Amino acid sequence: MYRSHYSKEISPNEYNSTVTVAGWVEEIRNLGSIAFLILRDKKGTLQLTILKKKTPELFERFISLPRESVISVKGLCKENDKVRNGYEILPETCDVLSLAETPLPLGVVDKVEADFDTRLDNRIIDLRKPETQAIFKIRNTVLAAAHEYLRSQNFIEVHTPKIIASSSEGGTDMFRVRYFEKEAFLAQSPQLYKQSLMATGLDRVYEIAWYFRAEEHNTRRHLNESTAVDIEMAFINDEEDIMNILEHLVHAMWKRASECSQELEILKKVVTIPKLPFARITYDEVVKTIQQEKSPIEWGKDLSTEDERLLGEIMKTKGEDFYFITKYPLTSKPFYTMPDREKYSRGFDLECKGVEVSSGSQRIHDIALLIERLKACGLDPKDFDAYLKAFRYGMPPHGGFGFGIERFLMELLELNNIRECILFPRDRTRLSP
Ligand code: ATP
Ligand code: MG
């Protein structure tokens with residue numbers, strides 16, 4: 001068995017003893033009589049120092065190793081304060097576990113940044129870079145925080161079908177799949193199922209899963225396959241109960257991210273924890289505010305990307321990175337959204353620095369109203385039979401939200417492109433790797 005001794009875990013009490021380390025050959029510097037090899041694993045790097053005179057055979061093997069090969073080395077660990085991590089290893093034996101082919105399609109430590117497509121085409125190598133890995137380590141941490149927070153609030157984790165018979169919101173932007181002799185769709189959200197669960201007595205559920213959207217536009221903040229945290233909860237008074245969970249969830253995730261000091265240092269990012277509660281601004285106020293700034297927005301329409309950006313700037317001057325836009329017009333929200341006074345709804349978005357990170361609402365729980373709204377949205381209630389059944393035999397008031405994980409990470413780490421936040425992105429042109 002190979003014991004990979006992480007560089008940072010070699011403690012001073014191991015100095016002057018024999019250790020075994022394993023990892024990827026990051027760099028070899030051959031100075032003639034002495035060579036240095038930088039070995040890397042997920043915790044960092046360490047230095048192997050090889051003296052030609054002392055171990056001539058090993059020296060020759062080391063200097064001819066292709067970069068990124070995987071080796072396991074046994075040797076003496078010696079304190080050396082000239083080396084970055086305070087020690088070096090003087091190898092005695094070396095096992096080559098896997099030789100890397102040359103040339104590498106992408107350098108791991110090259111100073112010149114490769115273009116993004118080359119990085120994504122060679123993602124397994126790109127993922128060896130500490131800065132790429134740091135994003136996924138933070139992703140792991142914030143997701144753990146999401147599970148913990150939601151469970152602490154008595155949510156139970158569920159998993160709903162991803163192959164579905166009818167679309168959540170009317171069939172647009174859905175990937176169609178052949179399901180034996182029928183046609184099916186890939187789920188665009190867990191909307192209809194998580195709502196159905198509210199009729200079961202499982203009154204607080206959450207799901208962290210994949211969703212598929214056949215949106216043609218290829219933007220820096222849309223993916224065709226993405227992941228989200230979704231919740232649904234029953235016996236609510238109004239959408240404020242949902243917003244309360246959402247802001248605490250975001251706060252918990254953001255706070256945990258701020259504790260990832262090593263990763264943030266690698267990424268050169270500072271994460272400032274937002275204060276609670278987040279600001280609330282009504283849709284009407286938003287329209288008024290951005291119209292003053294010359295936005296062409298018409299009342300009743302959803303905000304364009306440019307409108308969102310503009311609002312983000314205005315809110316920034318007020319010291320608000322996070323804010324809810326509340327009381328959207330009914331016409332700009334999906335059919336299941338609870339109406340509020342004639343033309344408004346109990347739908348909201350959570351924005352972070354001018355970008356939508358979540359949408360949610362109180363939902364309609366009255367079946368007659370739901371059927372009316374389906375029709376008003378040009379949908380055929382017959383296509384929603386299975387969903388509507390959940391409303392026929394006792395359905396409490398409820399609501400929830402969908403919160404995109406990559407969108408969140410992109411904002412958290414101020415990354416330029418959402419593709420940075422998912423291992424193997426799917427977009428309009430990319431289906432591989
Ligand atoms: P947008 O207006 O930004 O396209 P949306 O309103 O269509 O988003 P919702 O249906 O409200 O998206 O989905 C809930 C959340 O899921 C969004 O707030 C966002 O965080 C995330 N999300 C939606 N679509 C995508 C996508 N194509 N790629 C990545 N994340 C997405
Ligand atoms: Mg939305």
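Source: prediction; values computed, not measured. Note that ligands are numbered from 1 as they come in the structure, with each ligand's atoms numbered from 1 the same way.
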Peer 1: So is E215 in contact with ligand 1, going by heavy-atom distances below 4.0 Å?
Peer 2: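 For ligand 1, residue contact (heavy atoms, under 4.0 Å) with E215 is present.
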Peer 1: Would you please determine whether A228 falls within less than 4.0 Å of ligand 1 on a heavy-atom basis?
Peer 2: no
Peer 1: Between K162 and A209, what is the shortest heavy-atom contact and its length?
Peer 2: CE-CB, 3.6 Å
Peer 1: For the OH atom on Y179, are there more than 12 heavy atoms of other groups (residues, nucleotides or ligands in this structure) within a distance under 6.0 Å?
Peer 2: no
Peer 1: Test the K42-W24 pair against the cation-pi criterion, namely NZ or CZ under 6.0 angstrom from the six-membered ring centroid and within 45° of the ring axis.
Peer 2: no
Peer 1: Purely on distance, is any nitrogen or oxygen of F403 under 3.5 Å from one on ligand 1?
Peer 2: no
Peer 1: Only heavy atoms of G402, strictly under 4.0 Å: list the atoms of ligand 1 that pass.
Peer 2: 14 (C), 15 (C)
Peer 1: Given that the side chain starts at C-beta and the backbone is N, CA, C, O, which of these parts of I418 lies under 4.0 Å from ligand 1, counting heavy atoms, or is it both or neither?
Peer 2: side chain
Peer 1: So for ligand 1, is V357 a polar contact partner (N or O within less than 3.5 Å, distance only)?
Peer 2: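 Between V357 and ligand 1 (N or O atoms, distance only) the closest approach is under 3.5 Å.
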Peer 1: Quick one: which ligand 1 atoms are inside 4.0 Å of a heavy atom on L223?
Peer 2: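 Ligand 1 atoms under the 4.0 Å threshold to L223: 26 (C), 27 (N), 28 (N), 29 (C).
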Peer 1: With ring centroids as reference points, do Y323 and F278 lie under 6.0 angstrom apart?
Peer 2: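 When the ring centroids of Y323 and F278 are compared, they turn out to be at least 6.0 Å apart.
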Peer 1: Centres of the F348 and Y328 rings: under 6.0 Å?
Peer 2: no
Peer 1: Does K327 qualify as a cation-pi partner of Y344, given the criterion of NZ or CZ under 6.0 Å from the six-membered ring centre and within 45 degrees of its axis?
Peer 2: no
Peer 1: Give the minimum heavy-atom separation between Y211 and Q188, together with the two atoms involved.
Peer 2: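 Minimum heavy-atom contact is CB-O, 3.5 Å.
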Peer 1: Below the 3.5 angstrom mark, is there an N/O of G404, backbone or side chain, next to an N/O of ligand 1?
Peer 2: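 It does: an N or O of G404 is found under 3.5 Å from an N or O of ligand 1.
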Peer 1: Go through ligand 1 atom by atom and flag the ones less than 4.0 Å from a non-hydrogen atom of H222.
Peer 2: 1 (P), 3 (O), 4 (O), 26 (C), 27 (N), 28 (N)
Peer 1: If the cut-off is 4.0 Å to any non-hydrogen atom of S359, which atoms of ligand 1 fall inside it?
Peer 2: 11 (O), 18 (O)
Peer 1: Using a strict 4.0 Å cut-off to heavy atoms of S358, name the atoms of ligand 1 that fall inside it.
Peer 2: 18 (O)
Peer 1: Measure from the Mg ion (ligand 2) to each N, O or S atom of S358 and report whether any distance is below 2.8 Å.
Peer 2: no
Peer 1: Heavy-atom distance to atom 9 (P) of ligand 1: which of Q188, R213, E411, M410 wins?
Peer 2: R213
Peer 1: Which heavy atom in E356 sits nearest to a heavy atom in R221, and how many Å separate them?
Peer 2: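 So the minimum-distance heavy-atom pair works out to N-NH1, 4.0 Å.
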Peer 1: CZ/R204 to CG/L202 distance, rounded to the nearest 0.5 angstrom?
Peer 2: 13.0 Å
Peer 1: If you consider just the N/O/S atoms, which atom of E356 is the closest one to the Mg ion (ligand 2)?
Peer 2: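 Output for this pair reads OE2.
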